[in-house]
Enquirer: 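Have a look at this one.
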Amino acid sequence: TTARLHWVAWAPDTFARVVVTAGPDRVVPHSELKRALDELHAAAGQVERVYIYAPIERLKRIEILDTPGFNAIDAQHAQEAQRGVHEAHVALWLLDANAPLKDSERRVLEDVAAAGVPIQVMVNKADRVGAAGIERVMDYVTRALDSVGIVSLCPPVAMSARLALQGRLGDSDALAASGWADVEALLSHHIVDRRDELRERALRRKAAALAADLANAAQQRAHVDRERQRATRL
């Protein structure tokens with residue numbers, strides 16, 4: 001239900017900051033964030049971005065940008081999602097095990113890959129389809145990605161966020177069945193530990209895009225100048 005970009009970052013205290021267009025920022029506790037967003041929406045306040053801060057050690061090394069859905073009915077939400085992905089150094093793409101890699105998702109993934117953003121695919125709700133079902137789902141996802149030339153940063157992993165949360169709340173059996181250990185290993189070794197490499201790749205990608213935009217602008221200006229000179233001679 002995310003409508004705007006939510007940036008999750010480290011701070012010694014837990015709070016959220018809502019950046020409002022043409023208005024003061026709202027700073028609230030985590031527990032009041034939803035109500036604050038609802039109040040701003042009811043008052044027709046334009047929210048630019050939401051920053052969520054927490055003293056989580058890993059957030060000292062990476063930050064998380066949660067985007068709206070690309071298939072949102074509201075076109076502005078989809079635009080926000082596109083902007084968020086292009087800001088990111090790597091895209092963590094969650095698929096639903098009940099309906100993995102729909103055509104609309106495949107098209108967006110192709111766009112993200114074409115933009116040069118590394119993609120890590122994860123399949124959530126593995127507990128909903130059972131052990132045999134998730135094996136079929138993962139095989140399908142792997143073949144579907146291969147068929148369109150999309151390469152996941154590491155092989156796709158299956159998980160259950162619901163069971164992982166139960167595990168974090170004390171249910172050790174749920175944590176063991178959640179697949180969260182694989183997610184933790186993936187995040188630690190292939191994203192957090194490679195953050196400098198991924199950041200440099202993102203900077204190079206953005207620099208190349210900026211250079212292409214400048215070259216295009218120069219070509220357009222040269223074309224206008226040539227047309228103006230031609231009109232003057234006539």
Enquirer: Between the side chains of R107 and E110, is the shortest nitrogen-to-carboxylate-oxygen separation below 4.0 Å, so that they form an ion pair?
Expert: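 Salt bridge between E110 and R107, a charged N being under 4.0 Å from a carboxylate O: no.
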Enquirer: So does R194 get a backbone contact from the side chain of H189, meaning a donor-acceptor N/O pair under 3.5 Å?
Expert: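 The answer is no, because no donor-acceptor pair under 3.5 Å joins these two groups.
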Enquirer: Are there over 12 heavy-atom neighbours, none belonging to K34, within less than 6.0 Å of that residue's NZ?
Expert: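 Count not over threshold, so no.
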Enquirer: Identify whether I64 and I119 are in the same connected component of the hydrophobic contact network (ILVMFWY, side-chain heavy atoms under 4.5 Å).
Expert: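 No, I64 does not connect to I119 through the hydrophobic network.
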Enquirer: Please round to the nearest 0.5 Å and tell me the distance separating atom CG of L40 and atom CZ of R4.
Expert: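 The CZ atom of R4 is 11.0 Å from CG of L40, to the nearest 0.5 Å.
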Enquirer: Please determine if D38 and R35 form a salt bridge, counting it only when a charged side-chain N lies under 4.0 Å from a carboxylate O.
Expert: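 Between R35 and D38 there is no salt bridge, as every charged N stays at least 4.0 Å from the carboxylate O atoms.
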Enquirer: Could you report the tightest heavy-atom contact between W10 and P55, atom names first, then the distance?
Expert: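 So the minimum-distance heavy-atom pair works out to NE1-CA, 3.7 Å.
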Enquirer: Taking the side chain as every heavy atom from C-beta outward, state whether I134 and V123 have any pair of such atoms under 4.5 Å apart.
Expert: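 Contact flag for I134/V123 side chains = yes.
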Enquirer: Do H223 and R226 have side-chain heavy atoms sitting under 4.5 Å apart?
Expert: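 In short, these two side chains touch, coming nearer than 4.5 Å.
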Enquirer: Kindly compute the distance separating OG1 (T142) from CG (D146), expressed to the nearest 0.5 Å.
Expert: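 Atom-to-atom, T142:OG1 and D146:CG are 6.5 Å apart.
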Enquirer: Which atom pair, heavy atoms only, marks the closest approach of P118 to R201?
Expert: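 Heavy atoms of P118 and R201 come nearest at CG-NH2, 3.5 Å.
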Enquirer: Let me check something: do L59 and F15 share a hydrophobic cluster, defined by ILVMFWY side-chain heavy atoms less than 4.5 Å apart, either directly or through other members?
Expert: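 Different clusters: L59 never reaches F15 through Ile, Leu, Val, Met, Phe, Trp or Tyr contacts under 4.5 Å.
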Enquirer: Which heavy atom in G167 sits nearest to a heavy atom in A174, and how many Å separate them?
Expert: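 Looking at all heavy atoms of both residues, the shortest contact is N-CB, 4.1 Å.
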Enquirer: Would Y140 and V121 show up in the same hydrophobic cluster when neighbours are defined by side-chain heavy atoms closer than 4.5 Å?
Expert: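 Linked within one cluster.
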Enquirer: What verdict does the salt bridge (Lys or Arg N to Asp or Glu O under 4.0 Å) test give for D103 and R106, after you've listed the backbone C-alpha separation in whole Å, the side-chain angles of each residue and the deciding distance to 0.1 Å?
Expert: CA-CA 5 Å; D103 285 341; R106 187 184 291 110; 2.6 Å; yes
Enquirer: Do NZ/NE/NH1/NH2 and the carboxylate oxygens of R26 and E48 come within less than 4.0 Å?
Expert: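 Salt bridge flag = no for E48 with R26.
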Enquirer: Set out, in order, the CA-CA distance, both residues' side-chain angles and the distance that settles side-chain hydrogen bond (donor to acceptor under 3.5 Å, both in side chains) for W93 and Q120, then state yes or no.
Expert: CA-CA 6 Å; W93 199 274; Q120 175 59 53; over 6 Å; no
Enquirer: Are V148 and V112 linked, directly or through other ILVMFWY residues, by side chains that come within less than 4.5 angstrom of each other?
Expert: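 Per the 4.5 Å side-chain linkage, V148 and V112 are co-clustered.
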Enquirer: Heavy-atom distance under 4.5 Å between the side chains of L95 and E105, does that happen here?
Expert: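 The answer is yes; the side chains approach within 4.5 Å.
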Enquirer: Walk me through whether D127 and R162 qualify under side chain to side chain contact (heavy atoms under 4.5 Å, CB included).
Expert: CA-CA 9 Å; D127 56 309; R162 183 178 66 86; 2.5 Å; yes
Enquirer: Is there side-chain contact between V224 and R228, with at least one heavy-atom pair below 4.5 Å?
Expert: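 Yes, close enough: below the 4.5 Å cut-off.
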Enquirer: Run the side chain to side chain contact (heavy atoms under 4.5 Å, CB included) check on V50 and W7 step by step: do they pass?
Expert: CA-CA 6 Å; V50 179; W7 201 297; over 6 Å; no
Enquirer: In this structure, would L5 and V18 fall into the same cluster of hydrophobic residues linked by side-chain contacts under 4.5 Å?
Expert: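 In one cluster with L5: V18, no.
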Enquirer: Can D196 and R199 be counted as an ion pair, charged N to O under 4.0 angstrom?
Expert: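 Judged by the 4.0 Å cut-off on N to carboxylate O distance, D196 and R199 do form a salt bridge.
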Enquirer: Scan side-chain atoms only and decide if R128 and S160 contain a donor-acceptor pair under the 3.5 Å cut-off.
Expert: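 R128 vs S160: no donor-acceptor pair found between side chains.
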Enquirer: Side-chain contact, heavy-atom cut-off 4.5 Å: E39 with E32?
Expert: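 Of all side-chain heavy-atom pairs linking E32 with E39, none is under 4.5 Å.
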Enquirer: Which pair of non-hydrogen atoms, one from A126 and one from A158, has the smallest distance, and what is that distance?
Expert: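 Closest approach of A126 to A158: CB-CB, 4.3 Å.
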Enquirer: Can D193 and R61 be said to form a side chain to side chain contact (heavy atoms under 4.5 Å, CB included), step by step?
Expert: CA-CA 9 Å; D193 289 349; R61 304 176 68 191; 3.3 Å; yes
Enquirer: How about R143: does its CZ atom have over 12 heavy atoms from other parts shown lying under 6.0 Å from it?
Expert: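 Yes, the 6.0 Å shell around CZ holds more than 12 heavy atoms from other groups.
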Enquirer: Between Q46 and V20, is there a side-chain heavy-atom distance shorter than 4.5 Å?
Expert: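 Contact flag for V20/Q46 side chains = no.
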Enquirer: Answer yes or no: are there more than 12 heavy-atom neighbours, outside H41 itself, under 6.0 Å from its atom NE2?
Expert: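 Incorrect, the count does not exceed 12.
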Enquirer: Salt bridge (Lys or Arg N to Asp or Glu O under 4.0 Å) for R221 and E227? Distances and angles first, verdict last.
Expert: CA-CA 10 Å; R221 174 171 291 184; E227 290 299 311; over 6 Å; no
Enquirer: Evaluate E87 against R49 for salt bridge (Lys or Arg N to Asp or Glu O under 4.0 Å), listing each step before the verdict.
Expert: CA-CA 13 Å; E87 284 189 32; R49 183 169 296 196; 2.9 Å; yes
Enquirer: Enter the distance from L145:CG to I150:CD1 here, rounded to the nearest 0.5 Å.
Expert: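 The distance works out to 5.5 Å.
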Enquirer: Are more than 12 heavy atoms, taken from residues, nucleotides or ligands other than R195, located less than 6.0 Å from that residue's CZ atom?
Expert: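 Yes - once you tally the heavy atoms of other residues, nucleotides and ligands closer than 6.0 Å, there are more than 12.
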Enquirer: When Ile, Leu, Val, Met, Phe, Trp and Tyr are grouped by side-chain heavy atoms lying under 4.5 Å apart, directly or through other members, which residues fall in the same group as V157?
Expert: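 Once heavy-atom contacts under 4.5 Å are chained together, V157 belongs with V90, L92, L94, M122, L153, M159, L175, W180, V183, L186, L187, I191, L198.
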Enquirer: Kindly indicate, with the supporting measurements, whether the criterion side chain to side chain contact (heavy atoms under 4.5 Å, CB included) is fulfilled by E63 and V8.
Expert: CA-CA 6 Å; E63 296 179 349; V8 185; over 6 Å; no
Enquirer: List the steps, then state whether side-chain hydrogen bond (donor to acceptor under 3.5 Å, both in side chains) holds for S188 with R58.
Expert: CA-CA 9 Å; S188 295; R58 180 171 283 158; 3.1 Å; yes
Enquirer: Taking all atoms of both residues into account, what is the closest heavy-atom pair of A144 and L101, and its distance?
Expert: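 Scanning both residues completely, I find the closest heavy atoms to be CB-CD2, 3.3 Å.
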Enquirer: For residues P156 and V141, report the shortest heavy-atom separation together with the two atoms involved.
Expert: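 Minimum heavy-atom contact is CG-CG1, 4.3 Å.
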Enquirer: What distance separates L163 CG from D173 CG, expressed to the nearest 0.5 Å?
Expert: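 One gets 10.5 Å once the value is rounded to the nearest 0.5 Å.
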Enquirer: Which is it for K102 and D96 under the salt bridge (Lys or Arg N to Asp or Glu O under 4.0 Å) test, yes or no, and what are the steps along the way?
Expert: CA-CA 10 Å; K102 301 184 288 291; D96 187 330; over 6 Å; no
